[in-house]
Number of protein chains: 2
Amino acid sequence: MDRNTEENLKNDLENTKAQMRKGILEFCILLVISKGKTYAPDILKQLEIADLIVVEGTLYPLLSRLKNSGLVEYTWTESKSGPPRKYYTLTTKGKEAIKRLTLTWNKFNKSINSLITKTEKI
Amino acid sequence: MDRNTEENLKNDLENTKAQMRKGILEFCILLVISKGKTYAPDILKQLEIADLIVVEGTLYPLLSRLKNSGLVEYTWTESKSGPPRKYYTLTTKGKEAIKRLTLTWNKFNKSINSLITKTEKI
DNA sequence: ACTAATTACCTTGTAATGCAAGGTACCTGG
DNA sequence: CCAGGTACCTTGCATTACAAGGTAATTAGT
């Protein structure tokens with residue numbers, strides 16, 4: 001594979017990988033919050049540790065959506081080193097959502113694995 | 001959980017699940033094609049068997065994208081029961097793409113599992 | 001020979017949403 | 001009092017899945 005093809009392939013795949021990441025974003029954010037009270041910049045750090053790059057402009061609107069859906073709630077809390085923070089926690093509904101999304105995730109996993117194993121002749 | 005909350009939760013989750021499905025769509029279509037020559041309606045059937053509902057209006061543009069990216073190619077083939085079909089196969093680049101996407105998929109899986117296991121205190 | 005049904009391909013318009021970039025506001029330290 | 005750090009949020013753009021509708025080839029029924 002020459003250098004150009006390699007370059008193109010990388011670009012195409014970046015796109016597809018981004019799509020994959022998007023798909024699991026909401027689920028992952030709920031998972032992070034389920035670990036206990038957190039606020040936006042901390043969520044970003046934890047996602048980065050889990051190897052999922054997300055940026056502010058994505059996270060804030062998403063947190064608002066989760067709030068409006070009643071899956072999370074927040075309380076303002078003073079900080080010792082800056083402006084007050086919104087600490088998010090899961091609601092009962094949010095916990096239920098995580099359970100179901102975990103099942104969904106496992107289901108997709110199964111679908112893909114069934115497709116992968118059928119293709120080992122590549 | 002009352003009936004309204006249950007209804008709302010279902011709707012919210014449908015949305016999120018749809019997002020997840022979108023993310024893996026391109027990958028899954030490549031996997032199906034890697035099993036051997038196929039054409040659009042057959043791809044739809046195989047995805048349905050793997051529990052991934054996709055519709056025509058989604059598939060055709062996506063196949064065009066994959067074609068333009070050089071991951072798949074097609075040949076027109078006569079049919080015994082209707083108009084001619086476009087039979088798709090993977091290119092070398094497409095096979096390479098599948099390998100990398102499989103790695104990506106495994107990586108995301110690991111990320112999520114690390115988030116899930118950290119949260120068993122729910 | 002005509003018509004209806006089937007099969008297959010594709011396009012248009014809409015809505016959702018991730019991201020880059022930019023903006024506001026609070027607090028602390030020099 | 002102002003510069004830097006921290007935290008919140010919004011706007012505009014591009015991508016893209018889907019619903020709905022359209023074109024065309026072949027076959028079956030009458």
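Small disclaimer: the values here were computed from a predicted structure and weren't measured. Throughout, protein chains are lettered first and strands after them, A, B, ... in sequence-line order, and every chain is numbered starting at 1.
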Do any side-chain nitrogens or oxygens of [X] fall under 4.0 Å of OP1 or OP2 in [N]?
X: A:Gln19; N: C:dT17; result: no
X: A:Ser81; N: D:dT6; result: no
X: B:Arg85; N: C:dC10; result: no
X: B:Asn15; N: C:dT17; result: yes
X: B:Tyr39; N: C:dA8; result: yes
X: B:Arg65; N: D:dT15; result: no

- Query: With a 3.5 Å cut-off and just heavy-atom distances, do the side chain of B:Glu56 and the base of D:dC18 make a donor-acceptor pair?
  - Reply: no
Please give, in whole Å, the distance from [N] [atom2] to [X] [atom1]?
X: B:Leu47; N: D:dC18; atom1: CG; atom2: C1'; answer: 15 Å
X: B:Ile53; N: D:dA19; atom1: CD1; atom2: P; answer: 11 Å
X: A:Arg21; N: C:dG18; atom1: CZ; atom2: P; answer: 10 Å
X: B:Leu59; N: C:dA8; atom1: CG; atom2: C1'; answer: 12 Å
X: A:Leu66; N: C:dT17; atom1: CG; atom2: P; answer: 11 Å
X: A:Tyr60; N: C:dA21; atom1: OH; atom2: C1'; answer: 15 Å
X: B:Lys22; N: D:dT16; atom1: NZ; atom2: P; answer: 11 Å
X: A:Glu78; N: C:dA25; atom1: CD; atom2: C1'; answer: 14 Å

- Message: Return the CG to NZ distance between B:Leu62 and B:Lys22, rounded to the nearest 0.5 Å.
- Response: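 B:Leu62 atom CG to B:Lys22 atom NZ measures 12.0 Å (nearest 0.5 Å).
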- Message: Reading DNA chain D from 5' onward, which residue's closest nucleotide shows up sooner: B:Glu26 or A:Pro84?
- Response: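 With B:Glu26 and A:Pro84 compared, the 5'-side residue is A:Pro84.
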- Could you check whether B:Ala40 gets within reach of a base, just the sugar-phosphate, or nothing at all, counting any heavy atom under 4.0 Å?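 Sugar-phosphate: the residue B:Ala40, judged by heavy atoms under 4.0 Å, touches backbone atoms but no base.
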- Note on the structure: Considering only heavy side-chain atoms of B:Lys86, the closest of D:dC18, C:dC19, C:dC10 is C:dC10
- Residue A:Pro83, side-chain atoms from C-beta onward, closest of D:dT10, D:dG5, D:dA25: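 Between D:dT10, D:dG5, D:dA25, the one nearest the side chain of A:Pro83 would be D:dG5.
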- Could you check B:Arg100, B:Glu26, B:Arg65 and say which one makes a side chain to side chain donor-acceptor pair (under 3.5 Å) with A:Thr16?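 That would be B:Glu26.
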- Salt bridge between A:Glu14 and A:Lys10, side-chain N to carboxylate O under 4.0 Å? no
- Item | Residue met sooner reading DNA chain C from 5', once B:Thr16 and A:Ser79 are mapped to nucleotides |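 Its nearest nucleotide being more 5', the pick is B:Thr16.
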- Message: With a 4.5 Å cut-off on side-chain heavy atoms, are B:Trp105 and B:Ile24 touching?
- Response: yes
- Message: Would A:Lys86 pass as a cation-pi partner of A:Tyr74, given that its NZ or CZ must be under 6.0 Å from the six-membered ring centre and within 45 degrees of the axis?
- Response: yes
